[in-house]
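Written out below as structure tokens is the structure these notes cover.
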Amino acid sequence: MKNARWQVSEKLIIKSTTMNSYNEFQAKPYFEYILKEYLYPLFQDKGYKRKGAYHWIKITQEIKVEIKLQKSAYSTKHGIIFWFWIAVQDIEGSLSVSGRQGGIDTFLPIERANYKRDNQHWNGEYLIYRASEFDKLLNEELKVDLEDYILPLLDKINTIEILSRIVSKEEEINKMSYGSRWYIPDEISFD
């Protein structure tokens with residue numbers, strides 16, 4: 001699945017499902033495609049159990065990882081804004097850490113996050129707003145962010161020792177203008 005490029009245009013650009021009678025773009029079919037055809041299988045393949053339509057949990061012997069997809073209250077039928085809230089904690093719940101408001105951008109390497117901010121004016125949210133941009137959103141943003149950076153990093157936070165090092169260093173985190181980033185121990189950093 002990692003090397004596959006999703007070809008969704010043929011399935012989704014059907015006038016009766018993505019446009020209304022006034023030829024206005026309808027975002028819901030695209031959002032449902034992301035959920036059903038991409039996120040559900042991806043998280044299942046990575047060992048996450050679905051706990052709701054937008055909620056996944058992975059529990060190992062020592063660590064619990066939660067990922068929630070959240071839709072903005074400002075989403076409309078013409079555009080859907082969504083982001084991921086991510087938290088990692090030990091099984092007892094005594095040690096826990098989550099990104100800036102649980103944000104996915106906290107988990108990206110600084111170079112990737114800065115690139116997205118500088119070139120795409122990205123603020124940690126994904127936006128479905130027109131059909132012509134959908135392939136780019138799925139293949140160049142979501143797929144890269146989740147499969148190349150986020151999920152591999154979460155897989156490496158697999159012991160209480162690693163989690164406690166992250167938590168203990170949280171106050172020494174590199175402060176950036178957009179918020180804080182986790183301290184990532186060298187052995188699990190991005191390569």
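Here, residue 1 is the first one in the sequence, and each next residue gets the next number. Quantities reported herein were computed from a predicted structural model and do not represent experimental measurements. Worth knowing before you read on, the calculation uses all heavy atoms, side chains too, and leaves out hydrogens, waters and symmetry mates.
- Two different hydrophobic clusters hold Y115 and V144 under the rule that ILVMFWY side chains link at heavy-atom gaps under 4.5 Å.
- Not a single donor-acceptor pair under 3.5 Å links the side chain of S72 to the backbone N or O of I81.
- Using a 4.5 Å cut-off between side-chain heavy atoms of Ile, Leu, Val, Met, Phe, Trp and Tyr, with links allowed through other members, I59 and I160 fall into different hydrophobic clusters.
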Quiz item: Please walk me through it: do Y48 and L154 pass side chain to side chain contact (heavy atoms under 4.5 Å, CB included)?
Solution: CA-CA 11 Å; Y48 289 82; L154 293 174; 3.8 Å; yes
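- P41 and E37 make their closest contact through CG-O, 3.7 Å (heavy atoms, listed as atom of the first residue, atom of the second, distance).
- Separation of the Y40 and Y33 ring centroids does not fall under the 6.0 Å cut-off.
- Residues Y54 and L39 form no side-chain contact, since every pair of their non-hydrogen atoms from C-beta on lies 4.5 Å or further apart.
- For the residue pair H78 and Q26, the shortest heavy atom distance occurs at CE1-NE2, 3.7 Å.
- Taking CG from L163 and OG from S96, the interatomic distance works out to 7.5 Å, rounded to the nearest 0.5 Å.
- Other residues, nucleotides and ligands place no more than 12 heavy atoms under 6.0 Å from the CD atom of Q44.
- Between D145 and K116, the closest side-chain pair of non-hydrogen atoms falls below 4.5 Å.
- Between L146 and Y38 the shortest side-chain heavy-atom distance falls below 4.5 Å.
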Practice problem: Assess whether side chain to side chain contact (heavy atoms under 4.5 Å, CB included) is satisfied between I67 and L69, documenting all intermediate values. | Solution: CA-CA 7 Å; I67 301 173; L69 183 148; over 6 Å; no
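- Going from atom CZ of R50 over to atom CG of L35 covers 8.0 Å, rounded to the nearest 0.5 Å.
- Using a 4.5 Å cut-off on side-chain heavy atoms (C-beta onward), L137 and L127 make no contact.
- Partners of T76 under the side chain to side chain donor-acceptor pair (under 3.5 Å) rule, at least two apart in sequence or in another chain, do not exist in this structure.
- Side-chain contact annotation: Q70 with W83, donor-acceptor N/O pair under 3.5 Å present.
- By the criterion of side-chain heavy atoms lying less than 4.5 angstrom apart, applied directly or through intervening Ile, Leu, Val, Met, Phe, Trp or Tyr residues, I86 is not grouped with I57; the two fall into different hydrophobic clusters.
- Between the side chain of R117 and the main chain of A113, a donor-acceptor pair closer than 3.5 Å is present.
- Among residues at least two apart or in separate chains, side-chain hydrogen bond (donor to acceptor under 3.5 Å, both in side chains) pairs with a member in residues 58-68 are H55-E66, K58-D155.
- Here the options are V65, I162, L153, the test is side-chain contact (heavy atoms from CB on, under 4.5 Å), and the partner is V88; only V65 passes.
- If you take CD1 on I128 and CD on E133, they are separated by 12.0 Å, rounding to the nearest 0.5 Å.
- In this structure, the side chain of S164 engages the main chain of E161 through a donor-acceptor pair within 3.5 Å.
- Partners of E32 by salt bridge (charged side-chain N to carboxylate O under 4.0 Å, His left out), not counting sequence neighbours, listed by chain and number: K28.
- Taking the side chain as every heavy atom from C-beta outward, I91 and I63 never approach each other to under 4.5 Å.
- With rounding to the nearest 0.5 Å, the separation of OH in Y30 from CZ in R130 is 12.0 Å.
- W56 and F43 have tilted rings, their planes meeting at an angle from 30° to 60° on a 0 to 90° scale.
- Using a 4.5 Å heavy-atom threshold, the side chains of F82 and I34 count as touching.
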